[in-house]
Amino acid sequence: MRLATWNVNSVKARLPRLLDWLAGTAPDVVCLQETKCPDGAFPATEVGELGYTVASHSDGRWNGVAVLSRVGLADVTVGFPGEPGFPEPEARAISATCGGLRVWSVYVPNGRTPDDPHYAYKLAWLAALRDALDTELANRAPLAVCGDFNVAPTDDDVWDPALFVNSTHVTPPERAALAALRDLGLSDVVPTPMKGPHPFTYWDYRAGMFHQNKGMRIDLVYASAPLARAVRSAYVDREARKGKGPSDHAPIVVDADLTPTVESF
DNA sequence: ATGTCCAAAAGTTTTGGA
């Protein structure tokens with residue numbers, strides 16, 4: 001099983017690159033975030049030609065998440081029980097069962113600044129996600145929660161921690177919210193960087209940040225125990241951040257040998 | 001230059017969000 005997650009920053013703007021990347025990387029299951037396409041506008045035909053079935057959740061101009069699978073796509077759930085809104089629930093979570101793996105694609109609210117109402121929304125959203133996953137994990141199936149969490153788990157996950165004092169993405173409450181997810185039994189599948197010591201997944205478009213490797217690790221794969229035991233390797237595909245017209249995020253690719261672990265449960 | 005990119009409103013430019 002090859003599982004991937006990628007914040008594409010508009011699936012429409014990224015479509016040529018997405019199709020090339022799917023053909024070259026050949027993931028079995030892909031979680032996408034920030035698809036930014038209106039309901040019904042997901043390019044399902046184009047990805048379908050590469051063998052993928054799509055489940056997408058959209059609310060128009062912003063947000064938007066999707067799951068692509070070529071190993072089956074069943075029991076699709078849009079959002080989750082108790083999901084907070086701003087003020088209405090947004091298109092930030094979708095889950096599906098793909099080839100025996102339960103997969104969640106999540107796009108956690110940004111938070112903007114710690115004194116902004118969006119920050120309280122972010123924390124409430126993460127707390128509600130924790131509760132929903134607690135219920136879902138009770139069935140002990142292999143599960144992956146993939147996406148843009150908009151939180152850097154440690155100071156090593158930002159290029160210069162000193163610059164992030166009083167900023168979102170690194171505050172203790174945000175990191176505690178991630179720890180609460182791990183306390184459910186989810187493991188952080190830390191990918192290998194292709195270059196440098198830090199597996200950054202996001203680099204701002206501005207000021208040559210990618211070129212200088214001034215990035216952040218805010219895209220995460222959280223794996224339940226049966227999946228974590230099956231993981232063989234994981235990497236950040238920084239090649240996908242290069243060249244003309246990239247997303248500001250790079251994909252994470254995880255290879256797992258799921259079958260024996262599934263049978264052990 | 002708070003530096004870029006995206007989508008949408010109303011357009012050949014501005015705005016909000018990240």
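First the proteins, then the strands, lettered A, B, ... as listed; each starts at 1.
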A.B. asks: Under 3.5 Å, is there a donor-acceptor pair between the A:R182 and A:Y222 side chains?
C.D. replies: yes

A.B. asks: If you measure from the P atom in B:dG16 to the same atom in B:dA1, how many Å do you get, rounded?
C.D. replies: 23 Å

A.B. asks: Could I get the full list of salt bridge (charged side-chain N to carboxylate O under 4.0 Å, His left out) partners for A:R2, not counting sequence neighbours?
C.D. replies: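 Scan of A:R2 (salt bridge (charged side-chain N to carboxylate O under 4.0 Å, His left out), adjacent residues dropped) gives A:D255.
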
A.B. asks: Would you mind building the protein contact string for nucleotides 11-18 of chain B? One character per nucleotide, 5' to 3', B for base within reach (heavy atoms under 4.0 Å), S for sugar-phosphate only, - for untouched.
C.D. replies: ----BBSB

A.B. asks: Under 4.5 Å between any side-chain heavy atoms of A:R175 and A:L178, yes or no?
C.D. replies: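 The answer is no; the side chains never approach within 4.5 Å.
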
A.B. asks: Could you work out the separation of B:dT2 and B:dT13 based on their P atoms and round it to a whole Å?
C.D. replies: 24 Å

A.B. asks: Quickly work out the A:L15 CG to B:dA7 P distance and round it to whole Å.
C.D. replies: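 Distance, rounded to whole Å: 12 Å.
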
A.B. asks: A:Y107, A:Y121: one ILVMFWY side-chain cluster at the under-4.5 Å cut-off?
C.D. replies: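 Different clusters.
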
A.B. asks: Would you check if there is a donor-acceptor pair between the side chains of A:N9 and A:Y205 at a distance under 3.5 Å?
C.D. replies: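 Indeed, the side chains of A:Y205 and A:N9 share at least one donor-acceptor pair under 3.5 Å.
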
A.B. asks: For A:A207 and A:P38, take the nucleotide of DNA chain B holding the closest heavy atom to each; which residue's nucleotide lies nearer the 5' end?
C.D. replies: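 Result: A:A207.
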
A.B. asks: Please state how far atom CZ in A:R17 lies from atom P in B:dC6, giving the value in whole angstrom units.
C.D. replies: 10 Å

A.B. asks: Who pairs with A:R206 by salt bridge (charged side-chain N to carboxylate O under 4.0 Å, His left out), at least two apart in sequence or on another chain?
C.D. replies: A:D204

A.B. asks: Take the protein atom CH2 of A:W203 and the nucleotide atom C1' of B:dC5, then report the distance between them rounded to whole Å.
C.D. replies: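 Distance check: A:W203 CH2 to B:dC5 C1' gives 17 Å.
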
A.B. asks: Let me know the distance between NZ of A:K12 and C1' of B:dC5, rounded to the nearest Å.
C.D. replies: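 Rounded to the whole Å, the gap is 14 Å.
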
A.B. asks: Roughly how far apart, to the nearest Å, are B:dA10 and B:dT15 at atom C1'?
C.D. replies: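 These two C1' atoms come out 11 Å apart once rounded.
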
